[in-house]
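All remarks here apply to the structure that follows.
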Amino acid sequence: MQRFFWKMGALLCKGAFREVKRRTDASEVGGAPLLGVKGCCVIGHGNFQGHGVANGIRAVGELIRTRMNERIVEAVHQYALDSLN
């Protein structure tokens with residue numbers, strides 16, 4: 001009877017596990033932003049196929065669209081000013 005409940009629990013969680021796998025799959029994310037460079041750079045996994053590369057390009061576009069570099073620079077400057085006071 002215990003195995004029955006385990007199987008039912010696994011069945012109910014299947015969609016959630018699939019979503020976690022999708023959200024943490026490197027080829028779905030596209031890579032990680034490289035901080036400390038002037039401009040936008042995303043580091044992708046060496047095994048990426050076309051899908052992963054396309055998502056990396058999408059990630060760069062998102063960084064540019066949201067002005068991520070400018071926001072990081074502003075936050076660092078604000079932190080430096082706050083630490084002086």
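- Inter-residue side-chain proximity for R3 and W6 is flagged as met; some heavy-atom pair is nearer than 4.5 Å.
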Discussion item. Walk me through whether R18 and K14 qualify under side-chain contact (heavy atoms from CB on, under 4.5 Å).
Written reply: CA-CA 6 Å; R18 189 177 303 130; K14 190 175 182 178; 3.4 Å; yes
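- Closest approach of C40 and N69 over heavy atoms only: N-ND2, 3.8 Å.
- With E28 as the fixed residue, the side-chain contact (heavy atoms from CB on, under 4.5 Å) test singles out one of K21, H51, R23: H51.
- Taking the side chain as every heavy atom from C-beta outward, C41 and I43 approach each other to under 4.5 Å.
- The CZ atom of R71 sits 4.5 Å away from atom CE of M68, with the distance rounded to the nearest 0.5 Å.
- A search for side chain to side chain contact (heavy atoms under 4.5 Å, CB included) contacts involving R58 returns N55, not counting sequence neighbours.
- Taking hydrophobic clusters as Ile, Leu, Val, Met, Phe, Trp and Tyr residues chained together by side-chain heavy-atom distances below 4.5 Å, V73 does not share a cluster with L81.
- Summarising the local packing, CD of E70 is surrounded by more than 12 heavy atoms from other residues, nucleotides or ligands at distances under 6.0 Å.
- Residues G30 and V42 come closest through the heavy atom pair O-CG1, 3.6 Å.
- With sequence neighbours left out, the side chain to side chain contact (heavy atoms under 4.5 Å, CB included) criterion links E62 to R65, T66.
- Residues F17 and F5 do not share a hydrophobic cluster, clusters being chains of Ile/Leu/Val/Met/Phe/Trp/Tyr side chains in contact below 4.5 Å.
- L35 and V60 fall within a single hydrophobic cluster, where Ile, Leu, Val, Met, Phe, Trp and Tyr side chains are chained together by heavy-atom contacts under 4.5 Å.
- Once rounded to the nearest 0.5 Å, the distance linking NE2 of H77 with CD1 of I72 reads 12.5 Å.
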